[in-house]
Amino acid sequence: MNDIPELNLPHVRIAHPEHVSEVIQNMIKDGHDKLQVVADFDRTLSKYTHRGQICSTCHNVLEEGHVLPDFYKDEARALRDHYFPIETNPKLTVEEKIPVMVEWWTKAHDLLTKCHIKRDDVRKMVENSTARLRDGCTWFFDQLQASEIPLLIFSAGIGDVIIEVIKHQATLHDNMKVVSNYLEYDEQGQMTGFQGDMIHVYNKNEGAIHDSDYFQNLEHRNNIILMGDSLGDLHMADGAVGVQNKLKIGFLNVKVAESLDLYMKRYDIVILEDETLDVVNAILQKVLQSKQ
Ligand code: C5P
Ligand code: MG
């Protein structure tokens with residue numbers, strides 16, 4: 001790890017340093033042509049805190065500002081107060097959590113549908129929100145674009161919000177694909193519900209992206225950097241084919257002491273309470289430097 005000093009920082013935890021070192025060396029050797037990146041959005045590309053203050057997730061964005069009525073904000077907050085501790089409880093299994101998460105997303109999406117928001121409202125809400133991309137995210141996006149490395153953003157948040165956050169705070173490049181829950185609108189531009197099957201935190205192993213030809217088309221890119229903040233994110237690249245080297249990077253933002261052991265067992269690199277993408281960027285830089 002001596003050539004990537006960021007990996008030796010105290011908030012970076014690695015259960016098997018030799019394995020991580022080998023995977024990174026392989027990725028450097030293979031270069032950017034063999035690399036693809038799969039990343040979660042909320043609290044992975046976006047911050048959990050900004051200078052110590054908790055930031056919005058995609059869903060939280062809709063509770064900020066004055067666009068949506070108080071009844072929406074009150075009910076949405078009450079749902080989160082009930083369900084978020086269950087989502088992040090390390091003592092419950094994924095199987096136990098799945099039906100509860102389906103219940104949360106269903107109630108939250110039904111509640112939003114009752115508000116009949118307009119297409120333009122999302123842009124306004126994002127502009128005035130506390131959702132923040134991690135420090136270094138613009139560099140990360142720009143470098144992936146410059147080297148034509150595909151980036152799949154796979155989120156249980158709201159696609160429309162993600163697109164606006166990225167456009168507002170960085171650049172949405174054509175090597176980026178955002179798979180998420182997208183709002184459905186009628187001809188007057190009024191929201192009528194959500195498109196397609198619901199994506200929640202623990203069903204990222206299934207759904208349209210794995211059935212599509214996305215991963216098939218990237219078959220020659222055998223090396224994957226996977227980034228997430230939930231244990232459900234570990235399955236985002238399950239549909240990938242011919243994988244030779246996978247580096248799983250986990251951001252642990254909440255219940256750190258209780259969850260650390262579990263995260264270190266499942267993620268190759270665990271980054272604790274960080275507001276930046278510095279560790280990921282340091283690894284990416286090494287891979288890009290190996291460019292011929
Ligand atoms: O992008 P990602 O897959 O991380 O988005 C899901 C996140 O959004 C979850 O971690 C969850 O805590 C949060 N969420 C929320 N309000 C909801 C549903 C999900 O804040 N109604
Ligand atoms: Mg997340």
Side-chain angles (χ1 to χ4, degrees), residues 38-49 54-64 68 72-90 92 94 97-98 100-115 125-126 129-134 137 151-166 176-183 194 197-207 209 226-237 248-255 259 263 266-267 270-271 273-275 277 280:
V38 180
D40 166 59
F41 186 75
D42 287 303
R43 276 79 199 263
T44 296
L45 292 175
S46 79
K47 295 183 179 188
Y48 180 63
T49 57
I54 294 184
C55 296
S56 277
T57 60
C58 292
H59 285 87
N60 277 144
V61 164
L62 309 176
E63 288 147 55
E64 296 186 303
L68 285 176
Y72 174 82
K73 296 180 188 177
D74 295 344
E75 287 184 39
R77 265 182 223 134
L79 288 173
R80 183 168 305 100
D81 289 346
H82 175 71
Y83 288 107
F84 184 67
I86 302 173
E87 177 192 341
T88 52
N89 183 346
L92 295 174
V94 166
K97 291 181 189 187
I98 285 176
V100 190
M101 293 300 107
V102 171
E103 203 174 274
W104 180 14
W105 261 254
T106 305
K107 286 184 184 170
H109 288 184
D110 287 351
L111 179 64
L112 183 63
T113 305
K114 281 191 208 153
C115 298
M125 286 189 272
V126 167
S129 82
T130 60
R132 289 282 173 286
L133 293 175
R134 282 179 189 272
C137 211
L151 168 61
L152 172 65
I153 299 176
F154 194 170
S155 169
I158 300 174
D160 308 56
V161 174
I162 295 171
I163 301 281
E164 286 302 328
V165 171
I166 294 174
M176 295 158 71
K177 182 176 176 67
V178 181
V179 172
S180 188
N181 301 300
Y182 282 92
L183 306 183
F194 280 81
D197 293 335
M198 172 211 296
I199 302 171
H200 60 78
V201 262
Y202 293 112
N203 71 352
K204 293 190 178 183
N205 57 325
E206 42 188 65
I209 192 68
L226 179 143
M227 301 153 57
D229 76 303
S230 156
L231 296 176
D233 297 329
L234 286 156
H235 300 285
M236 293 186 298
K248 294 169 283 175
I249 304 175
F251 292 89
L252 181 52
N253 308 304
V254 292
K255 296 184 185 161
S259 307
Y263 270 61
R266 308 291 304 279
Y267 278 104
V270 182
I271 302 168
E273 296 175 316
D274 191 352
E275 296 185 357
L277 271 188
V280 177

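In listed order, ligands and their atoms are each counted from 1.
- Short contacts between ligand 1 and F41, defined as distances under 4.0 Å to a heavy atom of the residue, involve ligand atoms 1 (O).
- Note that NZ of K97 and OG1 of T88 are 6.5 Å apart. Values are rounded to the nearest 0.5 Å.
- Inspection of the environment of the Mg ion (ligand 2) yields the following protein N, O or S atoms under 2.8 Å: D40 OD2, D42 O, D229 OD1.
- Within 6.0 Å of CG on D81 lie more than 12 heavy atoms contributed by other residues, nucleotides or ligands.
- From the protein, the heavy atom lying nearest to atom 20 (O) of ligand 1 is T57 OG1, 2.9 Å.
- For ligand 1, the polar-atom distance check against N60 finds no nitrogen or oxygen pair separated by under 3.5 Å.
- Counting heavy atoms under 4.0 Å from ligand 1, residue W104 touches it through the side chain alone.
- Contacts between S155 and ligand 1, counted as non-hydrogen atom pairs separated by less than 4.0 Å, involve both the backbone and the side chain.
- At a 4.0 Å cut-off, at least one heavy atom of K204 sits close enough to ligand 1 to count as contact.
- Residue-to-ligand polar distances place D40 within reach of ligand 1: an N/O pair is separated by less than 3.5 Å.
- Without hydrogens or angle criteria, Y202 side chain to E87 main chain gives a donor-acceptor distance under 3.5 Å.
- Polar contact with ligand 1: present for A156 (N/O pair, distance under 3.5 Å).
- For atom 11 (C) of ligand 1, the nearest non-hydrogen atom of the protein is E87 OE1, 3.1 Å.
- Taking a cut-off of under 4.0 Å to the non-hydrogen atoms of A108, the atoms of ligand 1 that pass are 21 (N).
- Atoms CD1 and CG, from I158 and L62 in turn, are 4.5 Å apart once rounded to the nearest 0.5 Å.
- A heavy-atom distance below 4.5 Å is found between the side chains of Y48 and I54.
- Between R80 and ligand 1, at least one pair of N/O atoms sits closer than 3.5 Å.
- Put simply, the side chain of D229 never gets that close to the backbone of N253: no donor and acceptor are under 3.5 Å apart.
- Of the possible donor and acceptor atoms, none in the side chain of D233 sits under 3.5 Å from a partner among the backbone N and O of D40.
- Considering only non-hydrogen protein atoms, atom 8 (O) of ligand 1 sits nearest to D42 OD2, 3.8 Å.
- Side-chain atoms of R43 do not come within 3.5 Å of backbone N or O of G228 as any donor-acceptor pair.
- Taking the six-membered ring where the residue is Trp, H109 and H59 present parallel rings, their angle staying beneath 30° rather than reaching 60°.
- The ligand atoms of ligand 1 that sit less than 4.0 angstrom from a heavy atom of F84 are 12 (O).
- In K255, the NZ atom is crowded: over 12 heavy atoms of neighbouring residues, nucleotides or ligands sit closer than 6.0 Å.
- Note: S129 OG to E164 CD = 10.5 Å, rounded to the nearest 0.5 Å.
- In summary, the side chains of D110 and T113 do not present any donor paired with an acceptor at a separation below 3.5 Å, with no hydrogens or angles considered.
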